[in-house]
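Worksheet for the structure shown next.
Computed from a prediction, not measured in an experiment: that's the story for all the values here.
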Amino acid sequence: MQNFSLIKNALLILPIVGLLSACGGDDDLPKPDPNTKMLYIDFDDGATGWMPGFADYPAGEETFYELSSGVEKLPTSLSSNRKGFKLSGNNHSDDLFMFTYKRVDGLEPNTRYDLRFKVTFGTNAQNNCMGIGGSPGNSVWIKLGATKNEPKAVNDGTGFLLLNWDKGNQASGGSDAIIAGDFANHVECGSSNIDSTYHKKTLITQKGSYSTVTDATGNLWVLMGTDSGYEGTTTIYFMELEVAATKKL
């Protein structure tokens, strides 16, 4: 399992600071203290136990939905020699949820933590473009969460696979996952030139926006994914994830 670790030096803080000006938002980052622990993931190191999942589609229709996943070399516009965790699917249900998840340890058992997330990913969807059912960028929402329960796609009894977490639906978050932002990159949609080049995007959740409780051994299942209202193909490359877990006193 991946391990939360205490913030002990600036090496864990520098990657966050360097991206604040690019993403904006709340920059009140955790200070080095005994109540805050950090998790840092770089998918250039490989999957390291992170697993893919898909929900909100009919069971057995994986081929029709063109579902694929895995650690792959990034598009050249993102990097010439680094890797990311790829998730891809064609949203025929107008509600496809794609995610990657892992159990992590190192926290205190049965304890509530405030969590802040910073996720960096590659997106080829321009801002404010129109698409079938919704925008390929602005109608695909990035969701992040963590609970003591393993996320699973469960048959609802009608042959439809639903996530066993409360992630909300599309533009709404839930009690187990919150919206960090959308999939659109910084390039404005052109009337005659839809550029499919991948760009890096970083999102940071607001302080105090999410909390959860660990299990009896101090573990959490951490999840990041896309909730789509765009009836087309979305391919995301997750590159890095940082989670700051601050014990609620």
As an exercise, state the distance from [atom1] of [X] to [atom2] of [Y], rounded to the nearest 0.5 Å.
| X | Y | atom1 | atom2 | value |
| --- | --- | --- | --- | --- |
| L203 | I179 | CG | CD1 | 11.0 Å |
| K200 | S77 | NZ | OG | 10.5 Å |
| K152 | N164 | NZ | CG | 7.5 Å |
| S139 | I132 | OG | CD1 | 12.5 Å |
| N81 | T76 | CG | OG1 | 11.5 Å |
| S69 | I236 | OG | CD1 | 13.0 Å |

Specify the closest pair of heavy atoms between [X] and [Y], including all atoms of both residues, with the distance to one decimal.
| X | Y | value |
| --- | --- | --- |
| Q2 | W50 | OE1-NE1, 4.2 Å |
| A184 | N138 | CB-ND2, 3.6 Å |
| N155 | A59 | ND2-CB, 4.4 Å |
| A245 | L115 | CB-CD2, 3.4 Å |
| G137 | A125 | CA-CB, 3.6 Å |
| L67 | G89 | CD2-CA, 4.0 Å |

Verify, without hydrogens or angle tests, whether [X] (side chain) and [Y] (backbone) share a donor-acceptor contact under 3.5 angstrom.
| X | Y | value |
| --- | --- | --- |
| D166 | S175 | yes |
| Y210 | D176 | yes |
| T214 | L107 | no |

Report the C-alpha separation of T120 and T202 in whole Å, then their side-chain angles, then the decisive distance to 0.1 Å, and conclude whether the side-chain hydrogen bond (donor to acceptor under 3.5 Å, both in side chains) test is met. CA-CA 4 Å; T120 300; T202 297; 2.9 Å; yes

Between T212 and T147, does the side-chain hydrogen bond (donor to acceptor under 3.5 Å, both in side chains) criterion hold? Intermediate values first, please. CA-CA 6 Å; T212 192; T147 80; 5.6 Å; no

Quick one: does [X]'s side chain get under 4.5 Å of [Y]'s, heavy atoms only?
| X | Y | answer |
| --- | --- | --- |
| K148 | N219 | no |
| S228 | V140 | yes |
| S88 | T234 | no |
| F85 | F121 | no |
| Y57 | E62 | yes |
| H199 | H186 | yes |
| F54 | L87 | yes |
| E242 | L39 | no |

Salt bridge (Lys or Arg N to Asp or Glu O under 4.0 Å) partners of residues 105-115, not counting sequence neighbours, each pair once: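 The answer is E108-K247, D114-K248.
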
What residue pairs, at least two apart or across chains, pass salt bridge (Lys or Arg N to Asp or Glu O under 4.0 Å) with a residue in residues 214-233?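 Those involving residues 214-233 are K143-D227, K167-D227.
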
Would E240 and V119 count as a side-chain contact (heavy atoms from CB on, under 4.5 Å) if you check the C-alpha gap in whole Å, the side-chain angles of each, and the deciding distance to 0.1 Å? CA-CA 6 Å; E240 296 177 354; V119 62; over 6 Å; no

Any chance the side chains of [X] and [Y] put a donor and an acceptor closer than 3.5 Å?
| X | Y | value |
| --- | --- | --- |
| N128 | E188 | yes |
| D95 | S93 | no |
| T246 | T36 | yes |

Using the side-chain hydrogen bond (donor to acceptor under 3.5 Å, both in side chains) rule, take D156 and T158 through it: C-alpha gap first, then chi angles, then the decisive distance, then the call. CA-CA 6 Å; D156 69 351; T158 69; 2.7 Å; yes

Let me check something: do M239 and V243 share a hydrophobic cluster, defined by ILVMFWY side-chain heavy atoms less than 4.5 Å apart, either directly or through other members?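 M239 and V243: separate clusters.
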
Answer with yes or no whether the hydrophobic clustering places W141 together with I178; edges join I, L, V, M, F, W, Y residues whose side-chain heavy atoms lie under 4.5 Å apart.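 Different clusters: W141 never reaches I178 through Ile, Leu, Val, Met, Phe, Trp or Tyr contacts under 4.5 Å.
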
Take L144 and T205 through the side-chain contact (heavy atoms from CB on, under 4.5 Å) test and state the conclusion after the steps. CA-CA 9 Å; L144 304 165; T205 60; 4.1 Å; yes

Start with the C-alpha gap between D56 and L96, add the side-chain angles, then the distance that decides, and say whether side-chain contact (heavy atoms from CB on, under 4.5 Å) holds. CA-CA 5 Å; D56 293 346; L96 182 65; 5.6 Å; no

Criterion side-chain hydrogen bond (donor to acceptor under 3.5 Å, both in side chains) on N185 and N124, from CA distance to verdict: CA-CA 7 Å; N185 60 39; N124 64 341; over 6 Å; no

Show the numbers, then the answer: is there a salt bridge (Lys or Arg N to Asp or Glu O under 4.0 Å) between K83 and D45? CA-CA 8 Å; K83 295 175 289 187; D45 298 328; over 6 Å; no

Measuring centre to centre across the rings, with the benzene-like ring taken for any Trp, is F64 within less than 6.0 Å of H92?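 Centroid separation for F64 and H92: below 6.0 Å.
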
Got a sec, which hydrophobics cluster with M51, joining ILVMFWY side chains under 4.5 Å apart, including via others?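 When side chains under 4.5 Å apart are linked, the cluster holding M51 also contains F97, F99, Y101, L163, W165, W221, L223.
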
For V213, what are the other residues in its hydrophobic cluster, where any two members join if their side-chain heavy atoms are less than 4.5 angstrom apart?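 None; V213 is a cluster of one.
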
Quick test of your reading: applying ring pair (Phe, Tyr, Trp, His ring centres under 6.0 Å), list the pairs with at least one residue in residues 227-249, sequence neighbours left out, ordered by first then second residue.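 Sorted result for residues 227-249: Y198-Y237.
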
In chain order, what residues pass the salt bridge (Lys or Arg N to Asp or Glu O under 4.0 Å) check against K201, with sequence neighbours excluded?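 If we apply the salt bridge (Lys or Arg N to Asp or Glu O under 4.0 Å) test to K201, skipping adjacent residues, the hits are D182.
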
Output, in order, the C-alpha distance, side-chain angles, deciding distance and verdict of side-chain contact (heavy atoms from CB on, under 4.5 Å) for L241 and M224. CA-CA 9 Å; L241 174 70; M224 50 185 167; 4.1 Å; yes

